[in-house]
Amino acid sequence: MSENLIGYIDDQGSIIDTQSAGENCTAAPIEFDNSEKSLEIIRHSTAHLMAQAIKELYPDAQFFVGPVVDEGFYYDFRVNEKIGEEDLKTIEKKMKELIKKKYKIEKYEISKEEALKKFANDDLKLAVLSRIPDEMVSIYKQGEFEDLCRGPHVPALRFLHNFKLTRVAGAYLGGDENAEMLTRIYGIAFADKESLKNYLTMMAEAKKRDHRKIGAEMELFMFNEESGAGLPFWMPQGAKLRYKLEQILHKAHLVRGYEPVRGPEILKADMWRTSGHYACYGENMYLTEIDGHEYGIKPMNCIGHIQIFKQTQKSYRDLPLRYYEYGVVHRHEKSGVLHGLLRVREFTQDDAHIFCAPEQIASEVLEVVEFVDAVMKLFNFEYTMEISTKPEKAIGEDAVWEIATQGLKDALEGNSLPYTIDEGGGAFYGPKIDIKITDAIGRKWQCGTIQVDFNLPERFEVEYVAEDNSRKRPVMIHRAILGSFERFIGILTEHYAGEFPFFLAPTQVIFVPISESHADYAYALKKKLTLEGIDSEVSDKNDSLNKRIRTAEKQRVPYVVIIGDEEVQNHSVAIRNRRVREQYNLTQDEFMVELTKQLQEGKI
RNA sequence: GCCCAUAUGGCUCAGGGGUAGAGCACUUCCUUGGUAAGGAAGAGGUCGUGAGUUCAAGUCUCACUAUGGGCUCCA
């Protein structure tokens, strides 16, 4: 048996550890390295080692489950003491001590009946056992420590050297919000030291581009304790960035036949009762009372658009009718889930509702998908799409669901865009496509969504006059592309690490006049840029030239333009282009051409 | 909402039971410099909020607020 053998893979791709395999196993061996399967074994064993250490430090600890997850492993357990970040070091130290004891990891099997007796005093293990259908269960043992476990494990503790406990958290027993909360410790492990080090470095790098950190540095947005959680403020720099994004998207909507509309922030509660939000979404709504009537602040924009549609009589000739709004919505998210700009309580959706006939669904969805693709390409985003189909509890006829779901599939296949299917994951009122962006550190965020809705038109008795003069009910397609400006800008910030492309950058050009005599020329240029819709600043503070250049660079402004005697005389500019990291000189006219060209890149 | 942690001038952070420190930023002055921090002086906080313990509390305790890490991943 090889020194580095830690398991085998069978025909089905399942891992068999050395404890289970026996001497003459013919399956493909798994060597001790950083392959996916190898890491799975290593990390699972490290979780057990951690449990053993915890048991020694906290003898009353009871363990629930300790699986391998995408980002390492964790173990859920119950202790009487509080465990904080500081304690992780102690546990790590104990783990290292245990390794020195050179324990082998041994396995034996017992019947479930015996196991129930063995763990009679451990309600957590009994809970685990109750979910195992098998007759026989396995126990893994290392030194004094024994644990009910499916495996797989490395043969001995000597394989577990390169690990780090990363965080301590609370986790509900079985993920159930109403259940008891256990302590959870997360960790990561690799086969070698170098990989662990690289991983930790990568995490530190990712942290540097956290949108909250960059948002504060660049003065994009802020929160305020006195005003309340999850309520963002946009500072001038952030507002300039957001405005540019709004403008780019505004034009993109007009080109695609959308019409701008706007509904009120607050509507009578009866409206929300009719829509079903009051019953289904009421917990997340902010309600208030005015002159004896109950009102609700809108959590969604659909109702407003429906009222606008209904205000005048519509013909089949008007369809598809596309209304869009940068709709400000308020949702009472749980305090614990708020997260920078990525999850807030007030946000603005790039929301649109397309009223169309059922047979128009496919072509409309296709157009939206193309719109989404254009936006994603503009920012070089990777994204995936997922179609969610009819859930068990749903309204509407099967035939209509069929048309709508097929419409969604046709649209994606017609555009040769890959998608996955979430069977039964649709909303009760219709199927949907979710668009998920992968951000700079690999996290997936749901941003855009395309939902087909048969429900609201019904509830609000929306109608149009058909060709044969009969009254027909349109279908509504709800769609958002960014999802919300808040979340999208948060993701953009991390994606670009604050180095926004020229057409988005809050301040696009910063002029640095060498001395006071050059300031007038700088201000004249600034004015010229303003007329072209380009945001610029003049850095004429009483600081040294070097200092002002440094400050400008730190602000991540795409163009730093130095103005001295030479430039004033020749009507030229000396450019430090931060995006391409080059320095060069241009005439004023050439400069304007270059900037205008860059602005064009923001067109979709 | 729940678990754990954190909360000191605009920002980043040090301090620590006897009435607060640094760097950056800010203000003023000198300096007018050709591509990442010129120099000097100055102003600014009662230590998240409220209560409690104590002769005495940023410093200990409790509550609240806010922020951060988590709460699908099933022996």
Side-chain angles (χ1 to χ4, degrees), chain A residues 44 47-48 51 63-76 78 81-88 112 115 119 124-134 136-140 146-153 166-186 207 210 212-213 216-217 219 222-231 283 332-340 512-519 540-555 560-567 574-576 578 583 585:
Chain A
H44 190 47
H48 267 244
F63 296 90
F64 188 53
V65 296
V68 171
V69 291
D70 290 347
E71 288 285 297
F73 62 85
Y74 68 77
Y75 219 122
D76 282 352
R78 181 200 286 144
E81 293 85 347
K82 282 188 177 181
I83 295 188
E85 299 281 337
E86 284 302 303
D87 301 312
L88 295 185
K112 197 168 168 186
F119 295 106
L124 290 182
K125 280 300 164 196
L126 291 178
V128 173
L129 273 168
S130 73
R131 298 193 291 182
I132 302 172
D134 310 351
M136 296 298 285
V137 297
S138 54
I139 307 282
Y140 281 81
E146 287 193 329
D147 198 10
L148 175 70
C149 180
R150 177 175 57 183
H153 284 293
T166 47
R167 49 191 173 242
V168 53
Y172 293 108
L173 178 64
D176 176 3
E177 228 175 285
N178 300 311
E180 172 192 4
M181 180 155 275
L182 302 175
T183 301
R184 171 175 296 181
I185 295 182
Y186 283 93
K207 220 173 178 179
D210 188 305
R212 291 164 299 188
K213 185 174 154 64
E217 276 169 17
E219 300 184 358
M222 55 175 260
F223 292 91
N224 179 284
E225 184 179 340
E226 279 95 67
S227 315
L231 304 172
E283 280 188 2
H332 184 203
E333 301 289 350
K334 288 179 185 172
S335 60
V337 304
L338 301 175
H339 181 96
V512 183
I514 291 176
S515 71
E516 273 166 32
S517 60
H518 311 120
D540 59 350
K541 268 188 23 172
N542 187 11
D543 273 330
S544 67
L545 178 64
N546 282 350
K547 180 65 181 291
R548 286 179 289 143
I549 288 169
R550 177 182 148 85
T551 308
E553 288 282 351
K554 284 191 76 178
Q555 286 171 25
V560 179
V561 175
I562 315 297
I563 304 291
D565 286 338
E566 208 177 296
E567 285 71 30
I575 295 169
R576 283 174 70 110
R578 187 171 160 81
Q583 293 186 27
N585 294 287

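Just so it is clear, the model here is predicted, and its values are computed rather than measured.
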Is there a donor-acceptor pair closer than 3.5 Å between any side-chain N or O of A/Glu567 and the backbone N or O of A/Gly564? yes
Quick check against the 3.5 Å criterion: does A/His48 have a side-chain atom that pairs as donor or acceptor with the backbone of A/Glu146? no
Quick one: classify the glycosidic conformation of B/G58 as syn or anti, with syn meaning within 90° of 0.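 Chi for B/G58 falls in the syn range.
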Does [X] place a side-chain N or O at less than 4.0 Å from the phosphate oxygens OP1/OP2 of [N]?
{"X": "A/His339", "N": "B/G69", "result": "yes"}
{"X": "A/Tyr172", "N": "B/G1", "result": "no"}
{"X": "A/Ser335", "N": "B/G1", "result": "yes"}
{"X": "A/Arg212", "N": "B/G69", "result": "yes"}

[X] [atom1] to [N] [atom2]: how many Å, rounded?
{"X": "A/Ile83", "N": "B/G70", "atom1": "CD1", "atom2": "C1'", "value": "15 Å"}
{"X": "A/Glu71", "N": "B/C71", "atom1": "CD", "atom2": "P", "value": "11 Å"}
{"X": "A/Asp210", "N": "B/U67", "atom1": "CG", "atom2": "P", "value": "14 Å"}
{"X": "A/Asp540", "N": "B/U31", "atom1": "CG", "atom2": "P", "value": "18 Å"}
{"X": "A/Leu338", "N": "B/U67", "atom1": "CG", "atom2": "P", "value": "6 Å"}
{"X": "A/Phe64", "N": "B/G70", "atom1": "CZ", "atom2": "P", "value": "21 Å"}
{"X": "A/Leu182", "N": "B/C2", "atom1": "CG", "atom2": "C1'", "value": "12 Å"}
{"X": "A/Glu180", "N": "B/G70", "atom1": "CD", "atom2": "C1'", "value": "16 Å"}

Sub-3.5 Å pairs of nitrogen or oxygen atoms, protein against nucleotides 22-29 of chain B:
from  : atom 1 : to       : atom 2 : distance (Å)
B/A25 : OP1    : A/Lys547 : NZ     : 2.7
B/C26 : OP1    : A/Lys541 : NZ     : 2.7
B/C26 : OP2    : A/Lys541 : NZ     : 3.2

Enumerate the residues from residues 126-134 of chain A whose closest heavy atom to RNA chain B is under 4.0 Å, giving them by residue number; use none for an empty result.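 Result for residues 126-134 of chain A: A/Val128, A/Arg131, A/Ile132, A/Asp134, sorted by number.
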Apply side chain to side chain donor-acceptor pair (under 3.5 Å) to A/Asp543 and list each qualifying residue two or more places apart in sequence or on a separate chain. A/Lys541
Neighbour count >12 (heavy atoms, 6.0 Å) for atom CD, A/Glu219: no
Quantified in whole Å, what is the C1' atom distance between nucleotide B/U6 and nucleotide B/A14?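 After rounding to an integer number of Å, I get 16 Å for this pair.
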Quantified in whole Å, what is the C1' atom distance between nucleotide B/U53 and nucleotide B/A66?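 Here B/U53 and B/A66 have their C1' atoms 26 Å from each other.
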Per atom distances to the A/Arg150 side chain, the nearest of B/G34, B/C3, B/C74 is B/C74
Check every atom of B/G1, B/U35, B/A37 against the side chain of A/Ser544 and return the nucleotide holding the closest atom.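 Nearest to the side-chain atoms of A/Ser544, counting from C-beta on, is B/A37.
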Salt bridge check, A/Asp540 against A/Arg548: does any charged N sit closer than 4.0 Å to a carboxylate O? no
Touch class at under 4.0 angstrom, heavy-atom based, for [X] against every strand present:
{"X": "A/Asp565", "answer": "base"}
{"X": "A/Ala115", "answer": "nothing"}
{"X": "A/Arg167", "answer": "sugar-phosphate"}

Enumerate the protein-to-nucleotides 62-65 of chain B contacts in which both atoms are nitrogen or oxygen and the separation is below 3.5 Å.
from  : atom 1 : to       : atom 2 : distance (Å)
B/U65 : O2'    : A/Glu225 : OE2    : 3.4
B/U65 : O2     : A/Glu225 : OE2    : 2.8

Holding to ring pair (Phe, Tyr, Trp, His ring centres under 6.0 Å), I want the full list of residues that pass it with A/Phe73, two or more places apart in sequence or in another chain. none
Distance-only donor-acceptor test, A/Arg548 side-chain atoms vs B/A37 base atoms, 3.5 Å: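 Between B/A37 and A/Arg548, which were checked side chain against base, a qualifying N/O pair under 3.5 Å is absent.
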Do A/Glu567 side-chain and B/G34 base share a donor-acceptor contact under 3.5 Å? yes
Which pair of non-hydrogen atoms, one from A/Phe64 and one from A/Ala127, has the smallest distance, and what is that distance?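 Nearest pair, atom of A/Phe64 first, then A/Ala127: CE1-CB, 4.1 Å.
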Do the ring planes of A/His153 and A/His44 sit parallel (below 30°), tilted (30 to 60°) or perpendicular (above 60°)?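 The arrangement is parallel - the two ring planes meet at less than 30°.
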Give RNA chain B the dot-bracket treatment, 5' to 3': Watson-Crick (N1-N3 with N6-O4 or O6-N4) or G-U (N1-O2, O6-N3) under 3.5 Å, [ ] crossing, | other strand. (((((((..((((.......)))).(((((.......))))).....(((((.......))))))))))))....
